[in-house]
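The structure appears below as structure tokens.
FYI, side chains are in, hydrogens and waters are out, and symmetry mates aren't considered; it's all heavy atoms of this structure. By convention in this document, chain letters (A, B, ...) are assigned in the order of the sequence lines, proteins followed by strands, and residues within each chain are numbered from 1.
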Protein chains: 2
Amino acid sequence: MPTIQIPSFLVNGNAEALGISALDRGLAYGDGVFRTFPVRHSQPVNWDLHYARLAADSAVLGIACPPAAQLLNDIQQLFDNAASAVCKIILTRGVGLRGYRPPDDVLVTRIVIRSVMPDYPPENVQHGVRLHLCQLRLSEQPALAGIKHLNRLENVLARMEWQDAALAEGLLLDAHDTAIECTSSNLFARFGDVVCTPDLSRCGVAGVTRSRILSRLPELGYQAEVAPLPLQRLLQADEVIICNSLYLAWQVVEVAGTHWQAQPLAAQLRLSLQE
Amino acid sequence: MPTIQIPSFLVNGNAEALGISALDRGLAYGDGVFRTFPVRHSQPVNWDLHYARLAADSAVLGIACPPAAQLLNDIQQLFDNAASAVCKIILTRGVGLRGYRPPDDVLVTRIVIRSVMPDYPPENVQHGVRLHLCQLRLSEQPALAGIKHLNRLENVLARMEWQDAALAEGLLLDAHDTAIECTSSNLFARFGDVVCTPDLSRCGVAGVTRSRILSRLPELGYQAEVAPLPLQRLLQADEVIICNSLYLAWQVVEVAGTHWQAQPLAAQLRLSLQE
């Protein structure tokens, strides 16, 4: 039996904090943003990219993102020299009285959480993964699209749709049968030497690994494309991969009864992303 | 200067609790529901209706709603004999490790918050209210529509659009210019003796006062209608009112440059709802 290691956390840099206020707007409204990334030997991996996204997402919501040095200091406090662990940073607008309008003098709440690296099945890398096709359709909200905010009930409902551990992820479509992402992953589909990832201007979360892959594709000999990706087109792709910051990239071998042979793109990307 | 009374709260019935866990899924994902209602002399007003909605909304998300007696006991503990105060109940799915999938053995977190009744301007009752027309459009998510869940970033962004205290509320449309609700209120429009409230099967929150009004309209001599309400039709209404559980009903006298004379529906409804 694996032991479950309870995550540890700092709230506003305080290791003694028992939690967050019941009046925090992060709880009341999901009024905040977050980011998840690996930490190796107490060093956050691709920190500059994750911090840049955290700051950009905060800016869209009008939340004051703490300086990078303050968050790095939290990470130094919280993480030991373990070879591999996971850091989640949550920033909320802060504590408020009742009502949607943010108080004028509100102070951001910053939460840094340490947890163990998930124990992904080695088969996911060796043989590729199968996807559940989610019934839930993502709603379209251009004002929030792309942002990793705390309003994630759609992801929760979608993830509750399947229990079968043989299905590694769930593919999410919008109401027009356009493929957007998976519950915790972004999505790429190769057509010849063009590798397409869905446009996220109406829904979805723009992950750091997605942007890293987009910038690596040309040097791997592929043309990167960001465009709407109808499910019917996705199912005709030469190969499909999914990605996030923790497992990097997995080859998709089945979704909704369509099968793909194991192919090299995910392994190429993992190699490139590990550099 | 009015003194600000800091709200008090119980977490899982515990008055000593300093807050909620930083690992609570209510914070991480907005994975929960809430309800706000007046409490008079320590008695929750229209409790049966509010509890029924809380239980129904919880059921949609698969969250185990605590028994009414447990919540009533919390309210008895938290509220003194004040003539009027506000209770907010938040239920979250509970504390979880990382990942959207709820743990099998998760235990609901229940939070009961006491705050003072807002100090609404008396002019809102005497002369009616003006509405800001929000630029933000509500997204359509049939799986969550009507539910008072904790994913409320749209309401926050909409409420941040205006600072002018003379605008009592913000009118929210969907992407098709259909009127849905206000940021913290439901909406009714009278056309002759028909009083229409927007259909909430694709977005919006179904408030208890909205359902109370729907059931009171016939005895007041009106025909109640639940239907899509395009903005252009709303602006041609004979009168418009907004409602919620705290202020009951206000007459709308202006939105987006369209003006209405003061009329009797809001006063009739307030009288009926206070019975």
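For chain B, the option among A:Gly26, A:Cys203, A:Ser21 with the highest count of heavy-atom pairs below 4.5 Å is A:Gly26. Your options are A:Thr109, A:Leu61, A:Thr92, A:Ile111, and the one with the most heavy-atom pairs under 4.5 Å with chain B is A:Leu61.
Contact annotation for A:Pro142: neither backbone nor side-chain heavy atoms come within less than 4.5 Å of a heavy atom of chain B. In this structure, the portion of A:Arg25 lying under 4.5 Å from any heavy atom of chain B is its side chain and not its backbone. At a 4.5 Å heavy-atom cutoff, the contact between B:Leu246 and chain A is made by side-chain atoms alone. If you measure heavy-atom distances from A:Ile20 to chain B, the contacts under 4.5 Å come from both the backbone and the side chain.
Residue B:Gln135 places its CD atom among 12 or fewer non-hydrogen atoms of other residues, nucleotides or ligands, all under 6.0 Å distant.
Between A:Thr183 and B:Tyr100, the shortest heavy-atom contact is O-CE1, 3.1 Å. Contact record, B:Leu136 with A:Ala143: CD1-CB, 3.9 Å, taken as the closest heavy-atom pair.
Within residues 147-163 of chain A, the residues having any heavy atom closer than 4.5 Å to a heavy atom of chain B are A:His149, A:Leu150, A:Asn151, A:Arg152, A:Leu153, A:Glu154, A:Asn155, A:Val156, A:Leu157, A:Arg159, A:Met160, A:Gln163, listed by residue number.
Partners of B:Phe37 under the ring pair (Phe, Tyr, Trp, His ring centres under 6.0 Å) rule, at least two apart in sequence or in another chain, are B:Trp47, B:His50.
To the nearest 0.5 angstrom, A:Ser139 atom OG is 8.0 Å from B:Leu144 atom CG.
A 4.5 Å side-chain heavy-atom check between B:Gln141 and A:Leu138 finds every atom pair outside the cut-off.
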